[in-house]
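Each remark here refers to the structure printed beneath this line.
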Protein chains: 2
Amino acid sequence: MTKAGKSVLIVDDEAPIREMIAVALEMAGYECMEAANAQEAHAQIIDRKPDLILLDWMLPGTSGVEFARRLKREDRTAELPIIMLTAKGEEDNKVQGLEAGADDYITKPFSPRELVARLKAVLRRSTPQGIEEPIEVSGLLLDPVCHRVTSFDKPLDIGPTEYRLLQFFMTHQERAYSRAQLLDQVWGGNVYVEERTVDVHIRRLRKALGEAHEHMIQTVRGTGYRFSTKVA
Amino acid sequence: MTKAGKSVLIVDDEAPIREMIAVALEMAGYECMEAANAQEAHAQIIDRKPDLILLDWMLPGTSGVEFARRLKREDRTAELPIIMLTAKGEEDNKVQGLEAGADDYITKPFSPRELVARLKAVLRRSTPQGIEEPIEVSGLLLDPVCHRVTSFDKPLDIGPTEYRLLQFFMTHQERAYSRAQLLDQVWGGNVYVEERTVDVHIRRLRKALGEAHEHMIQTVRGTGYRFSTKVA
DNA sequence: GTTGCTCGTCACAAAATTGTCACACAATAT
DNA sequence: ATATTGTGTGACAATTTTGTGACGAGCAAC
């Protein structure tokens with residue numbers, strides 16, 4: 001893992017502004033890439049995997065909010081921290097921005113110092129774990145890059161939620177988790193769903209895993225579930 | 001069986017709202033106390049030590065944020081989780097509220113279910129977990145993280161109650177406990193069950209431990225039981 | 001619009017756990 | 001030895017917890 005400073009994608013349709021921001025960030029030790037619209041941004045995200053996105057509210061074509069919302073919906077990019085940029089007077093949209101999934105919100109004009117400070121804060125909060133390493137366990141293979149799970153090379157057909165659940169389990173083996181903890185970790189702490197929903201997804205995951213691996217998800221009666229490679 | 005039930009202090013200047021919240025929480029098994037302003041709240045906190053505070057943003061006199069900030073500054077109350085309540089339209093203050101030290105933030109109106117869910121989440125995060133260290137004694141291993149007991153690597157099949165019983169014994173070895181004490185410690189103080197029930201669970205536990213370890217649970221005639229590694 | 005997919009919830013089925021009892025057995029007292 | 005008291009043990013029904021199929025809402029792609 002190269003720890004050569006975090007990389008930031010700047011998305012704004014005005015080149016001078018991008019440039020200004022880029023200079024400020026580079027002076028602070030960040031690596032920068034730029035995009036003028038949602039399409040370019042998406043391309044950059046895919047192949048250069050920035051650690052954070054500075055996203056202008058106003059964009060030609062797909063608007064910033066819309067783009068943010070879309071990013072947050074896709075598993076592959078959901079974890080990407082986003083800081084929204086907005087011009088003065090558009091502040092009413094703050095809530096809307098945050099609801100779209102932005103992690104923070106800065107009003108133009110802002111000082112470089114402020115920008116860097118917020119950026120640091122967001123990066124600190126966001127999960128530093130680059131989950132890029134495939135995890136494999138007795139024929140079960142989860143590939144975060146392909147965003148896919150295979151059981152003996154046979155692709156598993158599971159929904160995004162089951163994928164996240166399995167990923168969590170595979171990265172937290174041999175340990176019992178309550179339904180509440182799973183909701184926190186897999187669904188995200190601030191959603192409201194019934195605890196029994198966990199059971200249903202466990203069921204779906206087990207079914208998808210098939211006889212070969214379903215036993216790995218063990219029920220811990222009175223507590224929750226556990227992912228274990230050891231025999232029951 | 002009833003869980004221990006956490007207590008919640010509801011701070012809001014409008015009595016009907018307090019009442020509504022209280023009812024919802026009580027139905028969910030929480031114990032409630034109320035306060036109409038910061039002063040009352042402080043008094044309640046001192047002498048009734050709630051596990052969590054629901055704090056309205058708007059309060060006569062000392063405002064909610066201010067109060068939260070103050071609580072977080074005092075050592076005695078710094079650890080007390082706070083959930084801020086705010087009316088719709090005050091959402092801009094969200095950041096401010098969280099910065100004041102609130103652990104979560106709910107916008108009125110909210111459903112009782114949502115409230116309870118958030119409350120649970122906050123309590124879960126703030127409540128430090130119990131012992132995380134595995135306990136091992138001559139081939140008998142209790143791992144609280146896995147929530148599992150193994151005897152020479154063979155998992156023991158026991159119910160939640162036997163698990164708690166064994167955990168208690170392993171953390172309180174070499175000492176005799178009466179049935180009443182065990183009921184208190186393992187079942188939780190405020191349940192009513194026959195003392196002889198302890199015998200039955202001891203029996204079940206012994207059976208599960210098998211010949212290898214059953215002798216560790218010794219009968220102290222006329223008194224109760226003891227867990228000991230020493231030979232009888 | 002339709003279609004196809006995923007998700008959360010529900011109602012019911014299935015399974016495991018629990019507390020209690022009756023009686024067998026063991027230890028002490030009379 | 002016999003009575004008395006305390007503990008071990010198997011069985012049982014009630015309750016709790018989990019498994020499972022189905023359904024409708026929501027959403028994206030068409």
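To find a chain, count down the sequence lines: A is the first, B the second, and so on, and within it residues start at 1.
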Given atom NE2 of B:His215 and atom P of D:dG8, what is their separation to the nearest angstrom?
16 Å

Figure out the CD/C1' separation between B:Glu194 and D:dG6, and round it to whole Å.
15 Å

So what does A:Val220 touch, heavy atoms closer than 4.0 Å: a base, only the sugar-phosphate, or nothing?
sugar-phosphate

Nearest-Å distance, CD (A:Glu214) to P (D:dG19)?
11 Å

When you compare the side chains of A:Thr223 and B:His147, does any donor N or O come within less than 3.5 Å of an acceptor on the partner?
yes

Where do B:Glu133 and B:Pro144 come nearest, in terms of heavy atoms and distance?
O-CG, 3.4 Å

Ring centres under 6.0 angstrom apart (A:His213, A:Phe227):
no

Base of D:dG19, side chain of A:Arg204 - is there a donor-acceptor contact under 3.5 Å?
no

Is the distance from OP1 or OP2 of C:dG8 to the nearest side-chain N or O of A:Trp187 less than 4.0 Å?
yes

Let's see if you can work this out: which of C:dT6, C:dT9, C:dT17 has an atom nearest to the side-chain heavy atoms of A:Val193?
C:dT9

CG of B:Leu205 versus C1' of D:dG8: gap in Å, rounded?
14 Å

Whole-Å distance separating the NE2 atom of A:His201 from the P atom of C:dC10:
14 Å

Does A:Thr219 place a side-chain N or O at less than 4.0 Å from the phosphate oxygens OP1/OP2 of D:dT17?
no

I'd like to know if the side chain of B:Arg206 reaches the main chain of B:Ile217, judged simply by a donor and an acceptor atom lying under 3.5 Å from each other, with no hydrogens or angles considered.
yes

For DNA chain D, whose closest nucleotide is more 5', that of B:Tyr225 or that of A:Val200?
B:Tyr225

For A:Arg179, which contact category applies under a 4.0 Å heavy-atom criterion: base, sugar-phosphate, or nothing?
sugar-phosphate

Check whether the side chain of B:Arg196 and the base of D:dG6 form a donor-acceptor pair under 3.5 Å.
no

Could you tell me the separation between the CG atom of A:Leu183 and the C1' atom of C:dT9, rounded to a whole number of Å?
13 Å

Taking the basic N atoms (NZ, or NE/NH1/NH2) and the acidic carboxylate oxygens, is any pair closer than 4.0 Å for A:Arg18 and A:Asp13?
no

What is the separation between atom CZ on B:Arg221 and atom C1' on D:dG8, rounded to the nearest whole Å?
11 Å

Applying a 4.0 Å non-hydrogen cut-off, can you work out what B:Thr197 is touching in the nucleic acid: base, sugar-phosphate, or nothing?
base

Ignoring backbone atoms, test whether A:Thr161 places a side-chain nitrogen or oxygen under 4.0 Å from the OP1 or OP2 oxygen of C:dT6.
no

Go through C:dC7, D:dG8, D:dT18 for me and flag the one nearest to the B:Arg206 side chain.
D:dG8

Once you round it to whole Å, what is the distance between C1' of C:dT17 and CD of B:Glu162?
8 Å

